[in-house]
Structures are given as C-alpha cells and as structure tokens.
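Letters A, B, ... are given to chains in the order of the sequence lines, protein chains preceding strands, and every chain is numbered from 1.
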Number of protein chains: 2
Amino acid sequence: MDLDERKMKILQAIIRTYLETGEPVGSRTISKYTDLNLSSATIRNEMADLEELGYILQPHTSAGRIPSDKGYRIYVDEMMREREESLNNREKKLDEMQNILLEKVDRVETLLQNVTRAVADNTKYAAMISTPHMHDNRLKFIQLSSVEGEKILCVMVLEGNIVKNKILKVEGQLDNETILKLNILLNSTLNGLTLEQIHMGLVAKLTGQAGEQSELIKAVLDAVVEAISPEEDMRIYTSGATNILKYPELNDSERASLLIGALEEKQMLTNFLTNGDEENKGIQIYIGDETLVQSMKDCSVVTATYELEDGLKGTIGVIGPKRMDYEKVVETLRSVKEQLDDAYRRIT
Amino acid sequence: MDLDERKMKILQAIIRTYLETGEPVGSRTISKYTDLNLSSATIRNEMADLEELGYILQPHTSAGRIPSDKGYRIYVDEMMREREESLNNREKKLDEMQNILLEKVDRVETLLQNVTRAVADNTKYAAMISTPHMHDNRLKFIQLSSVEGEKILCVMVLEGNIVKNKILKVEGQLDNETILKLNILLNSTLNGLTLEQIHMGLVAKLTGQAGEQSELIKAVLDAVVEAISPEEDMRIYTSGATNILKYPELNDSERASLLIGALEEKQMLTNFLTNGDEENKGIQIYIGDETLVQSMKDCSVVTATYELEDGLKGTIGVIGPKRMDYEKVVETLRSVKEQLDDAYRRIT
DNA sequence: TGTTAGCACTCCATAAACTTGAGTGCTAAC
DNA sequence: GTTAGCACTCAAGTTTATGGAGTGCTAACA
C-alpha cells in the first residue's frame, strides 16, 4: 500500500509536532493541527494504518505515536520544506559568521574551531569538523636547513600549501654546501610524487646517490612518508558535546556517557567525516541505525562536505537527537559550507 | 581548640570511609573501623566537636557526617600517607606507560594526548594537559624560502626546537639572491630576541634596511611576533570527561553539563595549567572552592608541573569529585611527571 | 572526669496504594 | 467513509506507610 495524500499529511503533522514537543502525539492533537478537518477517530484509523506500514510507532499501548526511523527518513527525503527564513534573519546569521571569521583567524585550525563552536551554538546540538585533507597528497617543496649543531630542520610543503616539519639528528656537522646539494637532489627527485610512487623502490635509488649522507636521506624519506600519509593529515574538532544533555531522550547517564565519549574519542567520527557522498549538494543525513555507530543509534547525524580552493576537502557534521530540527540543521550547514569556501579564500 | 591525636584518628577514619563509599558515615561505622576501641556514643561526642570545628558536616540532621573542604584540606596536608604500592604493581604501570610512549609518538602532541588518556583511564577521573611552553620565547632560527610564484614560506625555530611556519604573499617574484640576503639580515637581527625586545622599535630599523622589501619584512615581523606570543604556544588536551558522569554527586545533568562544558571549552583550565607553584615537587591540590571556578566547586583538581629538558614547562591535571582518591591521583601524577621528562629525552 | 548504654526522636529512602489524564480500539450510528 | 461515544489501558504523579540509619541527650558507671 502506498501513502495517499491524506496519510502523507497526517504523517507530516505527526512528525512536525513530535519534533517540536518531543512527546508522543495523540490523535486529538492532529485532528486540531491539520487543515484537513477530520475528527480524532478518523485520525486514529489512519494512524493505525501508518503504524502497520512502519512509519510510526507506539512507545506503549495507550500512548500517542512517535516517528520510526522509516518515518524520519521519508520526512527528510520528501516532506522537508526549505525553511522560509526571513532575509533579515539570514543576513544576521551571515553577519555573525563574518564576525567570527574576522577575529584573528590567521590559522585555519582556529577558524575551524570557531566555526564548529558557532554551529554548535547555533543549532544547540553537538558539532564536529574534519580539517581539510586531500585524497592523495603530493610533495611540492622540501628543504633541509642546519639549525644548530647536529640538528637538521626538514620542512615540507604539500599540495594545498600544508606545511609540515620535523627535526632530524645527524652525526657530525653538515656544511652549507652539502645541504644545498641535498636540497637540490631531494626537490628534483621527490616533488609531485604520491605515497605509492615514493614507496616504489625510490628509497634504494636515492640512498645510492646520496653517498655519505644515506642515513640522513633515509630519515628524510621517513619524514616525507609520514607527512603525506593520509592518517596524518586529518584532525577532528568537536564542540557542544554538552548540548546532548539537553535532550531528555539522550540524557540517561549511560547513553550520554557513551555519546560524549564518542565525541571525545573522535575515532568513530571518521566514519562520517571521510566517505562523504557527492550528491545532494554534499549534504548527508544519517538517521538512527543508519549511523552504523552503536552509541549513536538514538541520534541522527547531518554532514556537509566543504571544499577549499585547492581541492582540499573536509566535512562538517552535526549530531543531535533523532527528533532534531532537520530543516534548521541542513540550512545552517549549507550556509556554513558556502561561507567556509568563501572565507578561506579571503584569509589565505 | 586544637585537634588531639584521637580526634585526628577519628577524622581520618571518617574521611577514608567516605572516600571509599561516598555515603555519609555514621558513628557506629567508625566505632568498628578504628583500632582505638571506642563506643559509638563516644564517637558521637567527638564528631559533634569535629563538626563544631568545621572539619565535617551533616547533610541533614540524623544523617552521618561527610568531610568539609577544611576536612579534605587537613587530610591532604597532614594525613595522607604514601600509597604503599606493591613494587610489582608499580612496575606494571610503568610498563604500560612505556608501551604508550613507544607506539609511534614522533610528535610531542600525540604523546601528550596519549598520556592524558592514560591518566584518565588509570584514575577514572578527567585529565587535562597543557603543551609545554616557555615563559619567554626566543627566536633561534628563521628562514624564508620561495615555494612557488608569489608565495614565500617563512619557517621559524624557537628556543626548545618548536617549529612554526607561515605562508606569506608577496607582490612579484623574488630571486634567490634577494631571499638569501633577507635571510641573513633576519637571522642576524632577530635571533635570540624576546617579544619585548622585538616590540622596541625594531620594526622601523629593519624596514629601513630592507629597502624595497619593507612590505615583506613587515609581514615577517608580524609572523614572528605571533609565533613567539605566549598565547600562541600553549594548547590544552583533555580526556575522560565522561568519567565525571560516574560519580553520583556530580551526575545531575546541570552540574555535569557545566563541568564537561568547562573541559571542552578549555578556557577556564588555563587557571590551573599556567601558574603552577614550585613547592611540593610541583604537585598542587585544589579542593572545592579553592579551584576558583564556579562550575568546579564540587570538584577537586590535582596538578603536576613537568619540565622538559630545554626548560619547556607544562602542566598535567586531574579533575574529579572532592572525594577523589587523592593518594592514587598524586601517585599517578608523580610517576607520569617523571616518565614524561624521561621519555621526552628519548624521542627527540 | 571520661566513657558507655539506652531511649526517644528525626529524617530519608523505598515501596505500596491510589489518582489522574491522555490516548487508544472498537462499535454503532450517521 | 466518517464520526460520536464508551470502556479500557497504561504511565506518571501524589499521597501514605514503613523501616532503618543515625543523632542528641540523659543517666549510670569505672
């Protein structure tokens, strides 16, 4: 059986009401709420159908209905309307964001932390963000310098102007000329290569050419491999974990502890923040079990992928109760995503 | 009235018992617990005295007694005994720590995060750590390199081998010779200077000498100032925030939310993590209101200052309920502190 | 004078009994 | 197909008992 228009309207009314109140919603409420004038008894009949179809469920007999995961899913896929937000309001939000961006955010990390906090504050849910990272990093520039005594500073610039560095120790001092030679050798050999290419026999070749300095070259190669390894180039920031505690359905200490723990641990979050889908303007919604994370089965997660100019991609996400205000969250993430792309160009 | 030996023993027994159980402790319990054989009635008399003196208090009439802040204070100052931990056990803990340190901790930050987690896991309280930072940073080495087009990479090494970098934009391309000259100029002028010294009119002097490149020099100076500014060089990591939820006295959602929020925000934590006292082997205990942080008035905080070889100092702290196991925490922090100093030498 | 036994009293915690109200399913009538 | 009405269910809140832990005080004892 497919959903006819009336059932759709009723389901929509149930979900909307539940999103607002968080309480199971009864037939009488809906009978008053909707524009189609129906008595509570009729609504009850329809509700029984909807329940049989799996869109809503009863916490217990003689309670109202709440949306099931399937219900939420059809809601976000087909019923959610664009929030007709007043231009005024939008303007204001944009201003806020601009302010955040202008306050001394010379470093991308600070920017991202601020954005995360802003999103958490704005939505009243928990927010997370992954730092932008490339799918395959390439080395763009490498340089060794003698800092003092036996310490050599190795600076690497990756595609996308990400800078990494490492201090290496050598036996005995190196004169400037040797360093110059090494720099030329390294730059001419390594630039533009990906991780796989470096792994393919390059080590032997380079150490051969390096003669006396083969030890140092080995250390440098290790540093390069480390720098361009995918694990190395992503960090996750979170904010607003405590917002979770605001929602009674998540606020038994068991659940809350697991959830906040997951946010703190950050390991599990990579799930959401890496394999972003390309469709739907980069906005993804995971409901309940769809999150594939046990501790989040009572939550929903909304993510958006942002892309900076150099092809650096990152993801920002919001975690909240299943009855989150999806429209608002989607709207917020979309606007943040746009501004992020924009703002980054301004600060670099 | 001063505390005679018997009152001390009774107070100690009350606190020990309360630390274990978290329940108000009654006179009969103590009468059985202590070696001095006294009836519960006598204990009651003594308890009344102790209460009058402010060391213990009653949640309500006809309940047992719990320690007051003053009680905790005298406990940690005078009654706490060294945990006579079995050598075996200690050895094991050290091993664990070593393992953590050996797992791929080429970067100090990873090390510190691991340590924080280990401390949180070990104590079952929340842990925090500040990255090592110097009181007055000095520049040790600075170098500009042309990376591509109009982008100049500025790398700075500070005393203590902390590396910072920034990408600067210039108008038009710079040839290698100009860069070489600038590098010599910058190194000879800036090295070894502190923030104050740089602020004192250096800008004018340098830009004068730089001729055409005065714009670039200004940008470089900004980068240097930013790099050695004290705010810039400290980060805080936390772990185990959810452990807070384990303790019923902190686990109403109001309190917990504030506390975990504070841990997340990290701003308030600087209180503890900066002005470390030197006495008492660097270990400090703040009880209840002594924390000077409203949201932590039901908590105690224990901090230890660690010092790396180059004079880099940081602080590690544990946050838990007032009835925390002070002995264990102090012991853990002491051992971590020692190992941190030690381990750092090994990995650099 | 310090210590102890005993007793009346207080207060919290827990459980049991009761009440309330929202909501349902079903049937019969429109 | 829709609606009114009624009996029924269940959760949540309120009240009422009950038990137990603990105290303070007094009087007796060594």
key: Closest-nucleotide ordering on DNA chain C, the 5'-leading residue of B/Thr61 and B/Thr42   = B/Thr42

query = Could you state the NE2-P distance from A/His60 to C/dG21, rounded to the nearest angstrom?
reply = 17 Å

ask   = Are OP1 or OP2 of D/dG22 and a side-chain N or O of B/Ser40 less than 4.0 angstrom apart?
value = no

request  = Would you tell me if any nitrogen or oxygen in the side chain of B/Arg6 comes within less than 4.0 Å of OP1 or OP2 on C/dT3?
outcome  = yes

query = Under 4.0 Å between a side-chain N or O of B/Arg44 and OP1 or OP2 of D/dA21?
reply = no

request  = Report the distance from atom CG of A/Leu36 to atom C1' of D/dG1, rounded to the nearest whole Å.
outcome  = 14 Å

remark   = When rounded to whole Å, the CD1 to C1' distance for the pair A/Ile30 and C/dT24 reads 15 Å

message = Suppose we call a contact any N or O donor and acceptor under 3.5 Å apart; does that hold for the side chain of A/Ser62 and the base of D/dT9?
response = yes

Whole-Å distance separating the CD1 atom of A/Ile43 from the P atom of D/dT3 = 9 Å

For the student: nearest non-hydrogen atoms of A/Arg323 and A/Tyr125, plus distance = O-OH, 4.5 Å

task = For the pair A/Phe272 and A/Tyr286, name the ring-plane relationship: parallel under 30°, tilted 30 to 60°, perpendicular over 60°.
result = perpendicular

task = Before giving the answer on side-chain contact (heavy atoms from CB on, under 4.5 Å), spell out for A/Met268 and A/Met296 the whole-Å C-alpha distance, their side-chain angles and the decisive distance to 0.1 Å.
result = CA-CA 10 Å; A/Met268 318 217 112; A/Met296 294 191 184; 5.6 Å; no

task = Measure the distance from CD1 on B/Ile66 to P on D/dT23 and round it to the nearest whole Å.
result = 13 Å

message = Given D/dT23, C/dG23, C/dT24, identify the nucleotide with an atom nearest to the side chain of A/Gln58.
response = C/dT24

message = Counting the atoms with a prime plus P, OP1 and OP2 as sugar-phosphate, which does B/Ala41 contact under 4.0 Å by heavy atoms, base, sugar-phosphate, or nothing?
response = base

ask   = Do side-chain atoms of A/Thr303 reach the backbone of A/Ile316 as a donor and acceptor pair under 3.5 angstrom?
value = no

remark   = A/Glu23 atom CD is separated from C/dG21 atom C1', nearest whole Å, by 13 Å

note = For C/dT27, the nucleotide meeting Watson-Crick or G-U wobble distances (both under 3.5 Å) is D/dA4

ask   = In whole Å, what is the span from the CZ atom of B/Arg65 to the C1' atom of D/dT23?
value = 7 Å

query = Under the 3.5 Å rule, do the base of D/dT3 and the side chain of A/Ser39 count as making a donor-acceptor pair?
reply = no

query = Rounded to whole angstroms, how far apart are CG on B/Leu38 and P on C/dG2?
reply = 14 Å

task = Grab the two heavy atoms, one from B/Tyr18 and one from B/Pro67, that are nearest each other, plus how far apart they are.
result = CD2-CD, 3.4 Å

